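One structure is given here, and the rest of the page talks about it.
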There are 2 protein chains.
Amino acid sequence: MFQVRPQQGPATDGKPVLHVLLWQRALDPQRGRWSLPGGRLGDDETMTDSVRRQLAEKVDLRELAHLEQLAVFSDPDRVPGDRTIASTFLGLVPSPATPELPSDTRWHPVSDLPPTAFDHGPMVDHAHNRLVAKLSYTNIGFALAPGEFALSTLRDIYSAALGHPVDATNLQRVLERRHVITRTGTTARSGRSGGRPAALYRFADARYRVTDEFAALRPPG
Amino acid sequence: MFQVRPQQGPATDGKPVLHVLLWQRALDPQRGRWSLPGGRLGDDETMTDSVRRQLAEKVDLRELAHLEQLAVFSDPDRVPGDRTIASTFLGLVPSPATPELPSDTRWHPVSDLPPTAFDHGPMVDHAHNRLVAKLSYTNIGFALAPGEFALSTLRDIYSAALGHPVDATNLQRVLERRHVITRTGTTARSGRSGGRPAALYRFADARYRVTDEFAALRPPG
DNA sequence: CCAAAAGTGTTACGCTTACACCCATGA
DNA sequence: TCATGGGTGTAAGCGTAACACTTTTGG
């Protein structure tokens, strides 16, 4: 479960950074290490249903804008004890939301993960890679962005999720040409330091769609 | 399991076409329909091990040049009876090989599938889509091509797998620039109808590699 | 009037497709 | 020498990144 949120800590400038939701294990094995939310699959539920059920214990599911199956981790020794197979999912939470969290649960910057349990570190890496790729050729950004937003906000979100700077100008034209975002017609008020008020946009669809099979958002340089 | 092989049948010109290996069910449920090879996962085997074990019953595994996990199908009603979850794999067999097959097993053109069992039709579609995508940005072609080949042969293979015409000239330059293929230095003899002898190439690596994250092989037009 | 932020116009570049033209061989 | 297939050179198209310049607001 990923969300772009302001960087924590006193000495930081609150710049938006991609975070992942982790949960600290209270019991052995691997007590104290951080895990992805999850659990066992019930006999009569879809995997998706199961994931939603597991996540409901951690956050308010109304915040979940996208949920999608990713890879399966099936090494027989990936966890001690009985053999278990983990099917990972990509969940996305839009940016301004601040779901209440249980005390054992916390958002962590993906670029600075705490010690992770089992194979959950590689799982996060893999999911992040998929997110980066999908930002290029789908409209998946809708699940990270607010309902309406200024382009500079969207740039910050893409930049955080992709892990490299993004030019707002070019992002606008790319996403408009693909009909991924449209202007609402309204404009935001300008901030206290002045500046021209920004036009507001929204995503054209609130459902996952492949918009351009061969598109790319490249890092600068 | 995919392979590019000459089109079957009397009235065809033997043009290479992408085929998938299917197996005809002898027993109910769905007797007579065609299935992907597979079976249950043992307690102490990796999924990959399990797949290799299942496939060994159908073909000589030395022919298998690539094997990779794809999506999981987990709808509780996808098969009757006990709830089962299917994890699909992409297997590739190089082109000139002609593995011996059991009598209930046959190669079928992916563009003309027989009635398939359960959800195996969508599974084949999905695997084909992944193959097409990966031909663009990885060296996965090595697993469909012979050890050495003329460029026109490789063009036929790519064309069959992608499902659209491919220009041999451009394929050469694209794959050479990415260091996916290299010249062997030798040349093939020209066919009985004359023509300039073709230079022979081989794939630089015989292992799966992402060669260019943002590359594309587009259909003409 | 100045600083700050947003938006526009334009150029440059990389990668891919398209296609006309030249090369080598067998009959 | 002609037909056939292989190979080279080159141009065109498209999409994206880069960046200078203009517009609109607040102090």
Side-chain angles (χ1 to χ4, degrees), chain A residues 13 15 132-133 135-138 148-159 162-201 211-221, chain B residues 13 15 132-133 135-138 148-156 158-159 162 164-201 211-221:
Chain A
D13 55 357
K15 166 171 49 107
V132 167
L135 281 169
S136 270
Y137 63 88
T138 73
E148 298 196 350
F149 46 84
L151 236 103
S152 55
T153 307
L154 191 64
R155 166 177 45 86
D156 290 342
I157 292 173
Y158 270 73
S159 178
L162 291 170
H164 62 74
V166 173
D167 182 319
T169 295
N170 295 330
L171 186 64
Q172 175 204 5
R173 281 189 289 233
V174 166
L175 296 184
E176 267 191 326
R177 177 161 37 79
R178 297 184 197 158
H179 306 289
V180 170
I181 59 175
T182 50
R183 305 180 93 109
T184 64
T186 56
T187 60
R189 263 197 291 284
S190 49
R192 29 207 146 293
S193 57
R196 178 174 171 173
L200 292 180
Y201 288 79
T211 55
D212 183 345
E213 203 180 347
F214 297 117
L217 295 176
R218 283 183 252 270
Chain B
D13 54 358
K15 165 170 53 104
V132 167
L135 281 170
S136 269
Y137 63 87
T138 74
E148 298 196 349
F149 47 85
L151 236 101
S152 54
T153 308
L154 192 63
R155 165 177 45 84
D156 290 342
Y158 270 72
S159 178
L162 291 170
H164 63 73
V166 173
D167 182 317
T169 295
N170 295 330
L171 186 64
Q172 175 204 5
R173 279 191 289 233
V174 166
L175 296 183
E176 268 191 326
R177 178 161 36 79
R178 298 185 199 158
H179 306 289
V180 170
I181 61 174
T182 50
R183 306 180 92 109
T184 64
T186 56
T187 60
R189 264 195 291 283
S190 49
R192 25 206 151 292
S193 56
R196 176 173 172 175
L200 292 181
Y201 288 78
T211 55
D212 183 348
E213 205 180 346
F214 297 118
L217 296 176
R218 283 183 252 271

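These numbers come from a predicted model, not from an experiment. By convention in this document, chain letters (A, B, ...) are assigned in the order of the sequence lines, proteins followed by strands, and residues within each chain are numbered from 1.
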Report, as a single string ordered 5' to 3', how protein heavy atoms within less than 4.0 Å touch nucleotides 7-16 of chain D: B base, S sugar-phosphate only, - not at all. SBBB----SS
Could you tell me which residues satisfy side chain to side chain donor-acceptor pair (under 3.5 Å) with [X], sequence neighbours excluded, listed by chain and number?
| X | value |
| --- | --- |
| A:T182 | none |
| B:T186 | B:T184 |
| B:Y158 | none |
| A:E213 | none |

Could you tell me how far apart [X] ([atom1]) and [N] ([atom2]) are, to the nearest whole angstrom?
| X | N | atom1 | atom2 | answer |
| --- | --- | --- | --- | --- |
| A:R155 | D:dA17 | CZ | P | 14 Å |
| B:H164 | C:dT16 | NE2 | C1' | 12 Å |
| B:D167 | C:dC15 | CG | P | 18 Å |
| A:D156 | C:dA5 | CG | C1' | 12 Å |

What I'd like to find out is whether the side chain of B:F214 reaches to under 4.5 Å of the side chain of B:Y137, using heavy atoms alone. no
With sequence neighbours excluded, what pairs up with A:H164 under the side chain to side chain contact (heavy atoms under 4.5 Å, CB included) test? A:L162, A:V166, A:P219, A:P220
